[in-house]
Protein chains: 2
Amino acid sequence: MQATIKQVAQRAGVSIATVSYVLNGTGVVTDETRQRVLDAVAELNYQPQYAARSMRGRSHTLGVTLPSSPGRLAEPALAEVMSGLADAAALRGYFLLLATVDADQDETELCLSLARSRRVDGLVLLDMLVDDPRAQALAAAGIPHVCAGPPPAGIDSPSVVIDVHAAAIDAVQHLLSLGHRRIGLIQPPSDLAVSEPIVEGYRQALTTAGLPFDPTLVVESGRTEEDGYQAMTELLAAASPPTAVLAGSDELAFGAMHALNDARLIVGRDVSLVGFDDLPLAAHVNPPLTTVRQPRRAQGRQLAALLDDVILKRNVSVRTVTLSARLIVRRSSGPALHAAGKAN
Amino acid sequence: MQATIKQVAQRAGVSIATVSYVLNGTGVVTDETRQRVLDAVAELNYQPQYAARSMRGRSHTLGVTLPSSPGRLAEPALAEVMSGLADAAALRGYFLLLATVDADQDETELCLSLARSRRVDGLVLLDMLVDDPRAQALAAAGIPHVCAGPPPAGIDSPSVVIDVHAAAIDAVQHLLSLGHRRIGLIQPPSDLAVSEPIVEGYRQALTTAGLPFDPTLVVESGRTEEDGYQAMTELLAAASPPTAVLAGSDELAFGAMHALNDARLIVGRDVSLVGFDDLPLAAHVNPPLTTVRQPRRAQGRQLAALLDDVILKRNVSVRTVTLSARLIVRRSSGPALHAAGKAN
DNA sequence: TACTCCTGCTTAATCGTTTCACCGCTTAAT
DNA sequence: ATTAAGCGGTGAAACGATTAAGCAGGAGTA
């Protein structure tokens with residue numbers, strides 16, 4: 001039922017080679033023959049079979065691997081990146097292949113296997129880790145890929161990074177300008193590549209303001225809201241707790257907010273809180289969360305564009321795109337209560 | 001550089017056919033031979049080439065087409081379905097191919113071409129329309145597919161539907177039990193397959209309660225928050241406006257809530273509001289939205305499972321899976337103010 | 001005239017796999 | 001006693017495309 005190149009050739013009265021040449025624009029064909037072929041293609045509603053075609057060439061597919069944790073794709077931050085990725089990939093004629101890594105399989109192996117089996121022309125690496133093994137392996141194997149975040153040291157994989165370092169500085173300076181002097185940090189897991197730049201920005205902003213870096217004000221946490229709750233609880237239990245806290249993600253900030261509520265502290269008055277992401281929810285929690293808006297969708301778009309360049313060996317010079325994040329001030333951050341805090 | 005089946009065969013001292021049989025589990029092979037083959041595979045780090053493989057057999061890929069509207073993937077409801085889909089697909093050894101339809105291309109054509117070019121073994125149809133052309137075309141072409149919603153009349157495509165009809169009845173009965181008698185409906189676009197069952201459930205619940213069906217209380221709307229705002233404004237402008245409103249989606253409900261606020265009406269007291277979806281935001285708006293929780297992630301999982309069955313021609317009898325939705329009562333719905341409403 | 005070069009096409013090799021047909025032999029069923 | 005089915009393999013034919021090589025015939029050139 002499915003038309004093949006052979007049937008087209010027969011109908012047009014030419015060989016299959018000629019049909020292929022017409023369809024690919026390679027080879028020389030008279031206008032008249034070309035037209036006969038095109039007519040036959042149209043009449044038979046012919047569709048080149050992708051599999052057969054990509055045995056020789058590219059597969060026109062970008063790969064994205066997902067950790068096996070169920071529901072990961074539903075997370076807003078990831079969904080935003082994917083969305084941008086899908087849009088830009090489509091624009092350039094690529095499909096997107098989502099591969100969830102099995103529990104028994106290694107993510108690095110999966111990436112390699114997707115590329116080696118020609119299922120994908122290149123890979124997008126999300127959730128970059130410090131010394132990410134995927135980037136190392138792909139770079140070593142010469143497989144086109146891009147990183148959503150800073151590549152491991154020593155590997156110059158193309159990447160699209162959001163400048164969280166500068167954003168962290170902005171966020172801390174915002175809190176400083178409100179009069180806060182004891183500023184806490186709820187740090188994302190330190191194996192995430194995004195973690196260190198945030199800490200570094202935090203530290204640098206404090207130093208610039210002439211404030212000491214107090215390690216007891218920094219708590220390494222996880223990814224979930226519960227982790228944020230825990231971390232905030234820990235910060236509050238300190239001898240002299242912070243009057244403002246920067247959380248490494250909105251998710252963590254929500255948890256922290258919860259912990260503050262439970263401690264009968266009013267967010268934005270007793271303790272200021274700044275998140276990281278600007279999830280849709282951020283504007284709707286109570287009080288609305290001051291947070292760093294990360295341009296995730298744009299990041300996704302750039303990732304696709306950059307990967308396309310890498311695959312086509314175009315623009316070889318542009319290896320890294322940096323996007324800046326913007327602080328969105330809402331009501332979870334407010335002026336420090338200096339005297340008032342003690343009076344109460 | 002890339003190991004082929006031939007090299008594996010040579011190394012294991014068998015024919016390539018045997019290697020293929022070992023790898024696919026088809027055919028009979030002694031344990032000893034199998035082991036030799038597996039050893040060779042491991043040593044050469046052999047990866048079957050997808051393209052060559054799917055020329056004959058399946059491509060082990062499920063296709064999902066997305067409308068070209070940018071950012072569609074970021075919508076929570078869709079992301080939830082995709083998430084379930086990805087999880088269940090991975091469980092069964094499938095990848096997921098996301099294809100965004102170009103502006104110049106027809107979605108139905110894209111579906112057909114993906115299947116005909118053997119890029120996918122089957123397709124998942126989201127956002128079902130009334131008389132959905134995709135389902136009709138795929139059914140006619142005998143291409144494996146499943147519908148996320150009711151298939152067109154006369155087409156018995158396998159489908160996973162959420163019982164919104166029953167859910168709408170529940171929602172209306174909830175409002176009735178609170179004493180509301182004039183209940184409005186903000187209807188999703190009528191070309192969406194999900195629209196009619198909601199209206200039907202709404203109508204049925206009213207009839208059962210002995211109330212008349214008043215067409216002026218039903219407003220057909222769009223998909224966005226603005227559409228919901230519009231629709232609510234329209235309802236409020238009626239001669240005798242409703243005291244309670246059921247919105248066809250949370251998105252619409254958020255817009256409606258906005259309109260009520262702007263009209264200085266207190267949601268949950270002056271006018272009760274019920275949504276449809278239970279997005280993450282629903283619990284966090286003010287007041288928290290009473291809404292019908294749709295099991296989107298489970299729907300995604302079931303879609304993948306069902307499509308796998310269809311592809312493998314397993315369980316041919318089970319063609320439709322129905323999931324039920326549950327009403328989550330929050331504070332946007334409250335008792336009707338009978339006398340109070342007039343006294344005010 | 002004889003040679004090369006182009007033009008427009010065909011023939012055939014190739015890609016890496018799956019799978020059908022078949023091998024000689026043993027064992028079970030009719 | 002005959003047939004049939006299973007065993008553990010092999011060999012070779014697909015699968016549907018791309019593309020290098022070849023091949024007529026006419027044109028250009030020495």
Open item on the list: Without decimals, in angstroms, what is the distance between A:L44 CG and D:dG16 P?
Closed with: 14 Å
Task: Which nucleotide in C:dG16, C:dT19, D:dA17 has an atom nearest any side-chain atom of B:Q49 - done: C:dG16
Open item on the list: Any non-hydrogen side-chain atom of A:L126 less than 4.5 Å from a side-chain atom of A:L78?
Closed with: yes
- [ ] Can you tell me the distance, in whole Å, between the NZ atom of A:K6 and the P atom of C:dT10?
- [x] 15 Å
- [ ] Could you check how far CD of A:Q7 sits from P of D:dG16, rounded to whole Å?
- [x] 9 Å
Task: Among C:dG8, D:dA17, C:dT18, the one nearest B:S20 by side-chain distance - done: C:dT18
Open item on the list: Nearest to the side chain of B:I16, heavy atoms from C-beta on, is which of D:dA12, D:dG8, D:dG9?
Closed with: D:dA12
Open item on the list: Considering every strand and a 4.0 Å limit on heavy-atom distances, what is the contact class for A:S15: base, sugar-phosphate, or nothing?
Closed with: base
Open item on the list: Closest approach to the side chain of A:T18, judged atom by atom: which nucleotide of C:dG16, C:dC9, D:dC7 is it?
Closed with: C:dC9
Task: Side chains of B:D156 and B:R319 in contact at under 4.5 Å (non-hydrogen atoms) - done: yes
Open item on the list: Checking contacts here: which listed nucleotide (C:dC9, D:dA17, D:dT19) is nearest the side-chain heavy atoms of A:T30?
Closed with: C:dC9
Task: Atom-pair distance (CD on B:Q35; C1' on D:dG8), nearest Å - done: 17 Å
Open item on the list: Please pick, from C:dC9, C:dT18, D:dG9, the nucleotide with the shortest atom-to-atom distance to any side-chain atom of B:I5.
Closed with: C:dT18
TODO: Would you indicate what A:T33 reaches in the nucleic acid, counting non-hydrogen atoms under 4.0 angstrom: base, sugar-phosphate, or nothing?
DONE: sugar-phosphate
Open item on the list: From the set C:dG16, D:dT10, D:dT18, return the single nucleotide nearest to any side-chain atom of B:V14.
Closed with: D:dT10
TODO: With the side chain of A:V28 defined as its heavy atoms from C-beta on, choose the nearest nucleotide among C:dG8, C:dG16, D:dG16.
DONE: C:dG8
Task: Residue-phosphate contact under 4.0 Å: A:Y21 side-chain N/O, D:dA17 OP1/OP2 - done: no
Task: Atom-to-atom span, CZ of B:R119 to P of D:dA17 - whole angstrom - done: 14 Å
Task: Rounded interatomic separation in angstrom, taking CG from B:N24 and P from C:dG16 - done: 17 Å
Task: Gap between atoms CG and C1', on A:L23 and D:dA17 respectively (whole Å) - done: 11 Å
Task: Who pairs with D:dG26 - Watson-Crick or G-U, where each distance is under 3.5 Å - done: C:dC5
- [ ] In sequence, state the C-alpha distance, the side-chain angles, and the governing distance for A:R301 and A:V160, and then conclude on side chain to side chain contact (heavy atoms under 4.5 Å, CB included).
- [x] CA-CA 10 Å; A:R301 283 196 298 263; A:V160 178; over 6 Å; no
TODO: From the options C:dT18, C:dT19, D:dA17, select the nucleotide whose nearest atom is closest to the side chain of B:R53.
DONE: C:dT18
TODO: Take atom CD of B:E109 as the centre, draw a 6.0 Å sphere, and report whether it contains more than 12 heavy atoms from other residues, nucleotides or ligands.
DONE: yes
Task: Gap between atoms CD and P, on A:Q10 and C:dT10 respectively (whole Å) - done: 13 Å
TODO: Indicate, with a heavy-atom threshold strictly under 4.0 Å, whether B:Q47 touches base, sugar-phosphate, or nothing.
DONE: sugar-phosphate
TODO: For the residue pair A:C111 and A:L125, establish whether any side-chain heavy-atom pair is separated by less than 4.5 Å.
DONE: yes
Open item on the list: Could you check whether any side-chain N or O of A:S159 sits under 3.5 Å from a backbone N or O of A:V161, counting only pairs where one atom can act as donor and the other as acceptor?
Closed with: no
